[in-house]
Amino acid sequence: MPAGHLTANGATLVTMLGGWYAAYYRQLGLLGASDCAVYYWANHTQRTEATATALAAGLTPGCAPAIHQSAAAPDPLFEAPQTPLAPLDAPRMLAAISARVDGDLAAWDARQTPDRDRFEALMLQCRRIPCASAERAKVQRRLGDTPIAMRIDGGKPDLTSPSLQVAGIAESLVMAYADGLAFDGWRGIDAATIGRALVVHGAGIDLRTRTLRSAARPAAISRCGCSRRSSAAPASPRWPIRSATARRSSSSAAMTGR
C-alpha cells in the first residue's frame, strides 16, 4: 500500500461512518430512504477521492454519486493557505503559538514528559515507565535527542521538541494497528494501551493546530445544511482508535447534504 493511500480497512470504516450519518440525517428528516441527492466534494489525492467513494457507499447506498473536484490543485476548500485566497501569516501564527507556551517551548515540552515516557516505553518495549538508560541506549536516536526550537521555515511555523517528534511515529503506529497488522513479539498492543500512549501526540496536535490564529489550515469537513436539531441521534460508532484510515494523516472528503 503506497504511503498516503486509503487502505481497505480504512474504506470499510468510512462506509460504516457513512451508514451512521445516513441514519442520523433520516432522523432529522433530511435524507430519504432511497435519496441520492447528496453532493460529494474531494480534493486531488487518492485517499480523499477514495474516502468520498467509501462514504457514499454507506450514506447513499445504491446510488451512483459523482465525486466533484476543483478544476486543478490545490483546492481552495481544503488547501486555502496554498492559494492566494488565504496566504499564511507565518509570523503571526508563530507569535500565537509562542504566547500559548509563554515563550518557553522547553517548559511546555517538560510538562509532557510523563506522557512522552509512556509512549517511549511502548515503542521501545521497556519493562517499566520511564525506560531505563540501558533500554534507551539500544536505539540510535532517541526522542530526547530532538532539539527544541520555534522558527519559520519555508514560510510556515516550524516547531521541534522531543514531545512533538512523537507525531509521525504515533500516526504510523495507529495506522498499522487500525489496519490489523501483526505486532509479533510486542507487549501492550491493544486499543487502551495505545490510546494512553497517544496522549502526548494529542498535546502536540493541540498546540500546532488549535492555537487561535494558527488553526486556519487544511481540514476535513462533513457538513449538512440543517435548520433543525434532533435530540435523538443514533449512537456514535465506536472505533478501537479514532479513525485512522490512511497511511499517514489526511484530509477527508467533504460532503454536503441538501
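Every heavy atom of this structure was used, including side-chain atoms; hydrogens, water molecules and symmetry mates were not. Positions are given from 1, in the same order as the sequence printed here.
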Quick one: do the [X] and [Y] side chains pair a donor with an acceptor below 3.5 Å?
X    : Y    : value
T45  : N43  : yes
W41  : D75  : yes
D190 : T193 : yes
Q69  : E49  : yes

Does [X] reach the side chain of [Y], with side-chain heavy atoms less than 4.5 Å apart?
X    : Y    : result
V166 : M123 : no
D109 : L164 : no
H201 : E171 : yes
L28  : Y24  : yes
S163 : W108 : yes
H5   : Q46  : yes

Measure from the ring center of Y40 to the ring center of H68 and say whether it is less than 6.0 Å. no
Against V38, only a single residue in L30, L59, L55 fulfils side chain to side chain contact (heavy atoms under 4.5 Å, CB included); can you say which? L59
If the threshold is 4.0 Å, N to carboxylate O, is there a salt bridge linking R136 and D117? yes
Ion pair present between R142 and E120, side-chain N to carboxylate O less than 4.0 angstrom? no
Would you call the rings of W186 and F183 parallel, tilted or perpendicular if under 30° counts as parallel and over 60° as perpendicular? perpendicular
Do I129 and L122 belong to the same hydrophobic cluster, where Ile, Leu, Val, Met, Phe, Trp and Tyr are linked whenever their side-chain heavy atoms lie under 4.5 Å apart, directly or via other members? no
